[in-house]
Chemist: 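Take this structure, written in structure tokens, and hold onto it; I'll ask about it next.
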Amino acid sequence: FGQTVALTRLQLAGAVAAAVNGGNYYQPRLVSGIVSPDGSAEEFSPVLKQRVISAEASAMLAEMLEGVVRDGSGKNAYIAGYKVGGKTGTAQKYEDGKIAVGKYVSSFVGFFPADDPQDLALVTGDAPQGAYYGSVVAAPVAKELFSDIIAIKNIAPYEAVR
């Protein structure tokens, strides 16, 4: 249970991506390329900024975060037959330098597949009404996003299903 969010969503997504992708922090980008109406394409290559943790530590963290989705607070993002990793978040909001009573930021940051991350989703709810835990508010939305990615990319399930 957190005491506020002290970074931007883009910073959080970039940090998590670096933590689980083998330990490399890349310059954030919102698109991988542009296709013009005439069909010509321009692709943007990733720009490596620095290594932030070892590949071994990154693999261990990704495996632990897969467990969070499979068995823990992130189970509302679990998709049978697929390796999704992630972490829920529920942080109190501050207003005028004080904790705002009953106001929260709910979040879930997830990645897929957990053993070779290709896609990352960060879902946040700012001051949700009613339920406010990230596990309830944000994780199910990430599950929908990853389910859509699986369908669009026609990704087959893993052989070993829980």
Chemist: Given 3.5 Å as the limit, does a donor-acceptor pair link the side chain of S107 with the main chain of V123, or not?
Modeler: no

Chemist: Just wondering, do V31 and F44 contact through their side chains at under 4.5 Å, heavy atoms?
Modeler: yes

Chemist: Let me confirm one number: the CG-CG distance from N21 to D116, rounded to the nearest 0.5 Å.
Modeler: 10.0 Å

Chemist: Would you say V136 and V141 are hydrophobically clustered, going by side-chain heavy atoms of ILVMFWY under 4.5 Å?
Modeler: no

Chemist: Quick one: do F111 and V84 satisfy side-chain contact (heavy atoms from CB on, under 4.5 Å)? Show the steps, please.
Modeler: CA-CA 6 Å; F111 54 96; V84 176; over 6 Å; no

Chemist: Hey, what do you get for CZ (F146) to CG (D119), rounding to the nearest 0.5 Å?
Modeler: 7.0 Å

Chemist: Are V47 and Y26 close enough that some pair of their side-chain heavy atoms sits under 4.5 Å apart?
Modeler: no

Chemist: Between T90 (side chain) and G134 (backbone), is there a donor-acceptor pair under 3.5 Å?
Modeler: yes

Chemist: With sequence neighbours left out, write down each residue that passes side chain to side chain donor-acceptor pair (under 3.5 Å) with D38, or none if nothing qualifies.
Modeler: S40

Chemist: Kindly indicate, with the supporting measurements, whether the criterion side-chain contact (heavy atoms from CB on, under 4.5 Å) is fulfilled by K87 and S73.
Modeler: CA-CA 7 Å; K87 182 67 182 89; S73 64; 4.2 Å; yes

Chemist: Using 0.5 Å steps for rounding, measure from the OG atom of S135 to the CG atom of N76.
Modeler: 6.0 Å

Chemist: Say whether, by atom type as modelled, one donor and one acceptor occur between the side chain of Q129 and the main chain of A127 under 3.5 angstrom.
Modeler: yes

Chemist: Quick check: closest heavy atoms across A114 and G85, and the distance to 0.1 Å?
Modeler: CB-N, 3.9 Å

Chemist: Counting C-beta onward and ignoring hydrogens, is there a side-chain heavy-atom pair between Y82 and I149 closer than 4.5 Å?
Modeler: no

Chemist: For atom CD of Q11, is the number of surrounding heavy atoms from other residues, nucleotides or ligands below 6.0 Å larger than 12?
Modeler: yes

Chemist: When you look at V69 and L65, which way does the side-chain contact (heavy atoms from CB on, under 4.5 Å) test go after all the steps?
Modeler: CA-CA 7 Å; V69 171; L65 292 173; over 6 Å; no

Chemist: If I compare all heavy atoms of G22 with all of S58, which pair ends up nearest, and what's the gap?
Modeler: N-OG, 2.9 Å

Chemist: Measuring from Y78:OH to K83:NZ, what's the distance to the nearest 0.5 Å?
Modeler: 11.0 Å

Chemist: Linking I/L/V/M/F/W/Y whenever their side-chain heavy atoms sit closer than 4.5 Å, directly or via other members, would Y94 and V101 fall into one cluster?
Modeler: no

Chemist: Okay, side chain of R29, backbone of S45: is any donor-acceptor separation there less than 3.5 Å?
Modeler: no

Chemist: What's the separation between atom CZ in F112 and atom CD in Q118, rounded to the nearest 0.5 Å?
Modeler: 9.5 Å

Chemist: Please answer: with hydrophobic residues joined when any side-chain heavy atoms are less than 4.5 Å apart, are V109 and L145 in the same cluster?
Modeler: no

Chemist: What is the minimum heavy-atom distance between A13 and L120, and which atoms define it?
Modeler: CB-CD2, 3.8 Å

Chemist: Closest heavy-atom contact between V5 and A91?
Modeler: CG2-CB, 3.9 Å

Chemist: Working to the nearest 0.5 angstrom, can you tell me the gap between F108 CZ and L122 CG?
Modeler: 10.0 Å

Chemist: With sequence neighbours excluded, what pairs up with K75 under the salt bridge (charged side-chain N to carboxylate O under 4.0 Å, His left out) test?
Modeler: none

Chemist: State, to 0.1 Å, how close A57 and S54 come at their nearest heavy-atom pair, and which atoms those are.
Modeler: N-OG, 3.0 Å

Chemist: More than 12 non-hydrogen atoms from neighbouring residues, nucleotides or ligands closer than 6.0 Å to NZ on K93, yes or no?
Modeler: yes

Chemist: By the rule that ILVMFWY residues connect when side-chain heavy atoms come within less than 4.5 angstrom, directly or transitively, which residues belong alongside V35?
Modeler: none

Chemist: Hydrophobic clusters here meaning ILVMFWY residues chained together by side-chain heavy-atom distances under 4.5 Å, can you tell me if V68 and L61 are in one?
Modeler: yes

